Number of protein chains: 2
Amino acid sequence: MALPTETERAFHAHDHSHCLHEGLARAEELARARGLRLTPVRRRTLEILLREHRALGAYEVLEHLAADGFGRQPPVAYRALDFLVANGFAHRIQRLNAFTACAHPGEDHQAVFLICRECQSVAEAPLDGPRDAVEAASDALGFRLERVSIEALGLCPQCAQAA
Amino acid sequence: MALPTETERAFHAHDHSHCLHEGLARAEELARARGLRLTPVRRRTLEILLREHRALGAYEVLEHLAADGFGRQPPVAYRALDFLVANGFAHRIQRLNAFTACAHPGEDHQAVFLICRECQSVAEAPLDGPRDAVEAASDALGFRLERVSIEALGLCPQCAQAA
DNA sequence: GTTAATATGTTATACTATAACCGTCAAGGA
DNA sequence: TCCTTGACGGTTATAGTATAACATATTAAC
Ligand SMILES: [Zn+2]
Ligand SMILES: [Zn+2]
Ligand SMILES: [Zn+2]
Ligand SMILES: [Zn+2]
């Protein structure tokens, strides 16, 4: 049995404080290396996302920020989230109008998102295979592919078992 | 040279009145076969979508409907669009909060959507290959896949050439 | 024809996102 | 050091997207 990989974590019991601390440490390291400013609001926003393996709406994030003494107006949350997404620390889940912490920041941050329709947990799976397949379909139509977003809906292992 | 396939039409010059009439005829036939009620508003909504190979926002559709003497409040458009989507006559493009007529209603209506970021045209490509790849990724994580939505952003042949 | 279900229209409201403006602060050059 | 500049984070106000709840009208079933 191999140890659980990063992408498997979302769907299995694990020491979650590890995700949180490791995630923050990685982000700080990357920010330093790239000259990005991981300011208090931004850092706290990432922390809020990292606390859960599910996607949070901007207004949900905003509530947490406001409770922690940061601004309580929408732009505060949206700007922090935009920063995190732009720099690969978080992803936007289109189907949910929500955001989730990236499971492996720094690496190629494109991914397939597996969304549980029951418990809303979100996992990232490698994009490679699916992306190649989309690339082939694009080529056939003369479409110049730039970005591909894949969001799958279904049941996570726990919820599938329960059902 | 094969004739252009249904999915190639969006990106190439063609007799577009054909898309419109064929699309409406097919929808009516399918509705009859399945006992669905393709009412005037619904039919007109489909017609509005069929007039363009791009995605239209609900409020954009609503303007057309209102101009044609139908209701002018949001639910009128959303309900008609929901009906079309639920029955495979149209698709929702998450990234654009918009809707587009299905290029091949009646067949398996899942597809990869290729969205031109320049002219907003939308084409459908077969989902088979990409879906298999996503299925493989899901299986590896014990995720029970139900629906997969793939939206690719890039440049259509015309806009790619212009750039 | 009566009844039940479906569909269409309304008003009002909820949810999501951005524009525009201003004060603060840190970095960098005169 | 002082001043300029630009990034940041806070605000108010507003734009854009979507649905709840209710009333009327049409359609389908009996
Ligand atoms: Zn965890
Ligand atoms: Zn679940
Ligand atoms: Zn056409
Ligand atoms: Zn184009």
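FYI, side chains are in, hydrogens and waters are out, and symmetry mates aren't considered; it's all heavy atoms of this structure. What you see is a predicted model; the values in this text were computed from it and never measured. Proteins get letters first, then strands, A, B, ... in listed order; numbering begins at 1 in each.
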Enquirer: Out of curiosity, A/His16 NE2 to A/Glu52 CD, how far, rounded to the nearest 0.5 Å?
Expert: 7.5 Å
Enquirer: Relative to the ring of A/Phe83, is the ring of A/Phe89 parallel (under 30°), tilted (30 to 60°) or perpendicular (over 60°)?
Expert: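 Answer is tilted, since the angle falls between 30° and 60°.
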Enquirer: Check the distance between D/dG9's P and A/Leu62's CG and give it to me in whole angstrom.
Expert: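 After rounding, the reported distance stands at 14 Å.
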Enquirer: Would you call B/His91 and B/Glu124 a side-chain contact if the rule is heavy atoms closer than 4.5 Å?
Expert: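 B/His91 vs B/Glu124: side chains touch.
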Enquirer: Mind calculating the distance between CG (A/Asp82) and C1' (C/dT16) to the nearest angstrom?
Expert: 13 Å
Enquirer: Grab the CZ-P distance between B/Arg95 and D/dT17 for me, whole Å please.
Expert: 15 Å
Enquirer: Identify whether any heavy atom of A/Tyr59 sits under 4.0 Å from a base atom; if not, whether one sits that close to sugar-phosphate; answer base, sugar-phosphate or nothing.
Expert: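 The residue A/Tyr59 makes base contact.
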Enquirer: A/Asn97 side chain N/O closer than 4.0 Å to the phosphate oxygens (OP1, OP2) of D/dT17?
Expert: no
Enquirer: Closer than 4.0 Å, any side-chain N/O of A/Gln73 to the OP1 or OP2 of D/dT12?
Expert: yes
Enquirer: Within the structure, does a side-chain N or O atom of B/Arg92 lie under 4.0 Å from either OP1 or OP2 of D/dA18?
Expert: yes
Enquirer: Tell me the interatomic distance from B/Tyr78, atom OH, to D/dA20, atom P, rounded to whole angstroms.
Expert: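 Atom-to-atom, B/Tyr78 to D/dA20, this comes out as 13 Å.
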Enquirer: Would A/His53 and A/His14 satisfy side chain to side chain donor-acceptor pair (under 3.5 Å), going step by step from the backbone distance to the final call?
Expert: CA-CA 11 Å; A/His53 286 291; A/His14 60 281; 3.0 Å; yes
Enquirer: Relative to the 5' end of DNA chain D, which residue comes earlier, B/Pro74 or A/Pro75, by the nucleotide with the nearest heavy atom?
Expert: A/Pro75
Enquirer: Check the distance between D/dT17's P and B/Gln94's CD and give it to me in whole angstrom.
Expert: 14 Å
Enquirer: Can you tell which of C/dA17, D/dA18, D/dG9 lies closest to the side chain of B/Ala58?
Expert: D/dA18
Enquirer: Using whole Å, what does the distance between atom C1' of nucleotide C/dT16 and atom CG of A/Leu56 come to?
Expert: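 Those two atoms, CG and C1', are 15 Å apart.
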Enquirer: Does a side-chain N or O from A/Arg37 land closer than 4.0 Å to OP1 or OP2 of C/dA26, or not?
Expert: no
Enquirer: Answer yes or no: does a side-chain N or O of B/Arg42 lie under 4.0 Å from OP1 or OP2 of C/dA7?
Expert: yes
Enquirer: Starting at CD1 of B/Ile115, measure out to CD of B/Gln94 and round the result to the nearest 0.5 Å.
Expert: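 The CD1 atom of B/Ile115 sits 10.0 Å away from the CD atom of B/Gln94.
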Enquirer: Nearest whole angstrom, please: distance from the C1' of D/dG9 to the CG of A/Leu38.
Expert: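 Roughly 15 Å, once rounded to whole Å.
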Enquirer: Could you tell me how far apart A/Leu81 (CG) and D/dG9 (P) are, to the nearest whole angstrom?
Expert: 12 Å
Enquirer: Examine the base of D/dG10 for any acceptor or donor lying under 3.5 Å from a partner atom in the side chain of A/Arg79, and report the outcome as yes or no.
Expert: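 Check passes, donor-acceptor contact within cut-off.
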Enquirer: Does B/Thr39 have a side-chain nitrogen or oxygen under 4.0 Å from the phosphate oxygens OP1 or OP2 of C/dT8?
Expert: yes
